[in-house]
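Here is the structure we will look at.
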Amino acid sequence: MLRRSIIWILVLSSLAGNRCAREVFIDIPEEDPRIVAISHFTDGQPFRVEVSLSRPLYATGEEEVPEVVDVTVSTSGQFLDKLRKRTGDDERIYWESRDTIQKNIQYSLVVRIPGMPIAESTSIVPLHAGLKPIQVFQTNVQTVELDDGSMALRVPLVLEVGDMPEENRFFAFNLRHETEVFEVFNGQIIPDYTYESNSFFLADGRTLSLLHNIPEPVVLINEKFWSEDRTSLLLDALIPFDPATERPLRIFLEWRTLSEEFYRYHLSLARQGSNLPLSDPDAVYNNIVNGYGNFSGYSVSMDTIQLPN
């Protein structure tokens with residue numbers, strides 16, 4: 001009896017294994033092309049909108065940029081500007097406004113292409129929640145050796161939001177540093193030139209898990225980081241340098257306050273590459289009505305942090 005039970009278990013296991021290996025074909029319905037519009041904007045700058053057409057899921061090659069496009073921006077229901085077609089240094093085509101952007105005004109984007117549904121969206125450059133002054137003390141700065149044997153300056157930074165909003169705590173940052181290259185002549189240090197580079201940074205595990213690299217040149221901070229009334233982000237900037245010929249001079253900190261549309265879109269992009277193999281991918285956030293893409297604003301400030309000699 002026991003032997004027969006074992007045989008049945010093996011048969012059922014074999015059938016289950018065959019069922020798991022069976023191919024499944026998914027019929028993905030196709031749709032007509034739609035307008036794709038991408039624009040991330042801040043105050044004091046003109047609007048720049050990239051426009052293309054959506055493609056089938058498995059299409060390859062460059063996106064199609066339509067020839068005839070009408071792009072307009074309005075505010076409070078009043079026409080503001082018609083954007084002009086431009087070609088950037090990288091040969092990418094975009095549409096640019098003449099007027100510049102202001103904070104705390106809701107802008108509406110309309111993109112028209114003959115024969116296609118009109119694509120529309122709205123967003124705002126939020127009021128900026130800046131940081132309190134950042135101080136670096138000589139006693140806290142360390143020179144450390146990296147794994148490859150090179151040296152780096154490790155600089156602790158406290159990024160504390162000066163006036164934390166009650167809600168919509170959407171922020172991002174970027175660190176760069178300036179390094180002086182010098183020569184030593186007759187025992188005297190003679191400065192030669194300076195250069196700038198992106199800065200690496202270190203943080204505890206929980207902080208790193210709530211930071212996201214995105215296509216923009218900033219690191220996105222997950223809104224969950226600010227739970228429990230947290231107002232400060234603790235980082236250690238890491239600046240590689242050659243002590244014999246180089247001296248780090250200062251750190252440049254870019255701090256952004258984001259609209260929800262900017263935050264949701266870039267968070268969804270970051271999560272596209274971090275899903276587990278058997279989990280459902282997150283849908284990319286879309287705030288273009290009758291189309292695809294993202295129209296979103298942010299405000300920005302720059303701080304310079306002098307490093308001790």
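Basis for what follows: all heavy atoms, side chains included, without hydrogens, waters or symmetry-related copies.
- Here the shortest heavy-atom pairing between E180 and T194 reads CA-CG2, 3.9 Å.
- Here the side chains of N174 and F252 are not in contact, with every heavy-atom distance at 4.5 Å or above.
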From CA spacing to verdict: side chain to side chain contact (heavy atoms under 4.5 Å, CB included), V111, D70: CA-CA 6 Å; V111 182; D70 184 76; over 6 Å; no
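- Atom-to-atom distance recorded for S296:OG and F170:CZ is 12.0 Å, nearest 0.5 angstrom.
- By the 6.0 Å contact criterion, CD on Q102 is open, its count of non-hydrogen atoms from other residues, nucleotides or ligands being 12 or less.
- Heavy-atom contacts from other residues, nucleotides or ligands closer than 6.0 Å to CG of D89 number 12 or fewer.
- Residue D163 qualifies as open at atom CG: its count of foreign heavy atoms under 6.0 Å is 12 or below.
- Counting heavy atoms from C-beta on, the side chains of S301 and H128 come closer than 4.5 Å.
- Between F182 and R247, the closest side-chain pair of non-hydrogen atoms falls below 4.5 Å.
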Full working for side chain to side chain contact (heavy atoms under 4.5 Å, CB included) between N222 and H212: CA-CA 7 Å; N222 196 298; H212 309 280; 3.2 Å; yes
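- A distance of 12.5 Å separates CG of L175 from OG of S197, quoted to the nearest 0.5 Å.
- Linking ILVMFWY residues whenever their side-chain heavy atoms come closer than 4.5 Å, directly or via other members, places V65 and V49 in the same cluster.
- Shown here for L234 and A203, the closest heavy-atom pair between the two residues is O-CB, 4.0 Å.
- Rounded to the nearest 0.5 angstrom, I105 CD1 and S123 OG are separated by 13.0 Å.
- With rounding to the nearest 0.5 Å, the separation of OH in Y298 from CG in L258 is 9.5 Å.
- Judged as a side-chain hydrogen bond (donor to acceptor under 3.5 Å, both in side chains), and not counting sequence neighbours, T231 has no contacts.
- Proximity of the aromatic rings of F47 and W95 is defined here by a centroid distance below 6.0 angstrom, and this criterion is not met.
- In this structure a side-chain-to-backbone donor-acceptor pair under 3.5 Å is missing from S52 to E64.
- Put simply, the side chain of N286 gets close to the backbone of G291: a donor and an acceptor are under 3.5 Å apart.
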Audit row: E96, Y94, side chain to side chain contact (heavy atoms under 4.5 Å, CB included) steps and yes/no: CA-CA 7 Å; E96 185 177 64; Y94 61 90; 3.8 Å; yes
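- For N198, the CG atom counts as densely surrounded, since its 6.0 Å shell holds more than 12 non-hydrogen atoms of other residues, nucleotides or ligands.
- Between S97 and L83, the closest heavy-atom pair is N-CG, 3.5 Å.
- Contact detail for I124 and S259: the closest heavy-atom pair is O-CB, 3.5 Å.
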CA sep, side-chain torsions, deciding dist, call: Y195, E246, side-chain hydrogen bond (donor to acceptor under 3.5 Å, both in side chains): CA-CA 10 Å; Y195 67 91; E246 296 180 331; 2.9 Å; yes
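- Open room surrounds CZ on F200; 12 or fewer heavy atoms of other groups in view lie less than 6.0 Å from it.
- Using a 4.5 Å heavy-atom cutoff, the side chains of L211 and L220 are not in contact.
- Between I190 and V184, every side-chain heavy-atom pair lies at or beyond the 4.5 Å cut-off.
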Verdict with supporting geometry, R92 and E63, salt bridge (charged side-chain N to carboxylate O under 4.0 Å, His left out): CA-CA 11 Å; R92 294 187 67 87; E63 70 271 12; 3.2 Å; yes
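- In the hydrophobic clustering of ILVMFWY residues, with side-chain heavy atoms under 4.5 Å counting as a link, Y263 and I214 come out together.
- Side-chain contact between Q106 and T122: present, with at least one pair of heavy atoms (C-beta onward) separated by less than 4.5 Å.
- Between F41 and F295, the ring planes lie tilted relative to each other; the angle falls in the 30° to 60° range.
- Interatomic distance, R34 CZ to I288 CD1, rounded to the nearest 0.5 Å: 12.0 Å.
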Verdict with supporting geometry, V125 and N104, side chain to side chain contact (heavy atoms under 4.5 Å, CB included): CA-CA 6 Å; V125 174; N104 206 31; over 6 Å; no
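- Across all their heavy atoms, F171 and T257 have their closest contact at CE2-OG1, 3.7 Å.
- A salt bridge does not link E223 with R169: none of the charged nitrogens is closer than 4.0 Å to a carboxylate oxygen.
- Using a distance-only test at 3.5 Å, with no hydrogens or angles considered, a donor-acceptor pair links the side chain of D148 to the main chain of S150.
- The two residues R230 and F225 have their closest heavy-atom pair at NH1-O, 2.8 Å.
- In summary, of the residues considered (T72, V71, I35), a side-chain contact (heavy atoms from CB on, under 4.5 Å) with R112 occurs for T72 alone.
- Taking hydrophobic clusters as Ile, Leu, Val, Met, Phe, Trp and Tyr residues chained together by side-chain heavy-atom distances below 4.5 Å, I221 shares a cluster with V219.
- Here the NE2 atom belonging to H177 is positioned 9.5 Å from the CG atom belonging to L238, to the nearest 0.5 angstrom.
- Side-chain contact between D303 and L131 is present, with heavy atoms from C-beta onward closer than 4.5 Å.
- More than 12 heavy atoms of other residues, nucleotides or ligands sit less than 6.0 Å from atom CD of Q138.
- For D147, the CG atom is loosely surrounded, since the number of other residues' heavy atoms within 6.0 Å does not exceed 12.
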Evaluation steps, salt bridge (charged side-chain N to carboxylate O under 4.0 Å, His left out), between R256 and E216: CA-CA 11 Å; R256 293 190 188 183; E216 288 279 306; 2.9 Å; yes
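- Within a 6.0 Å sphere centred on NZ of K85, other residues, nucleotides and ligands contribute more than 12 heavy atoms.
- Cluster membership for V144 and V136, using ILVMFWY side-chain heavy atoms within less than 4.5 angstrom, is not shared.
- Taking the six-membered ring for Trp and thresholds of 30 and 60 degrees, Y265 and H40 have ring planes inclined between 30 and 60 degrees apart.
- Under 3.5 Å, the side chains of N294 and N287 contain a donor-acceptor pair of N or O atoms.
- Criterion: ILVMFWY side-chain heavy atoms under 4.5 Å apart, direct or through other members. Under it, L146 and F201 are not part of a common hydrophobic cluster.
- Under the 3.5 Å distance criterion, the side-chain polar atoms of N140 are left unmatched by any main-chain donor or acceptor of P156.
- L235 has its side chain out of reach of L202: every pair of non-hydrogen atoms, C-beta onward, lies at least 4.5 Å apart.
- With respect to the salt-bridge test (charged N to carboxylate O, under 4.0 angstrom), the residues E50 and R86 do not qualify.
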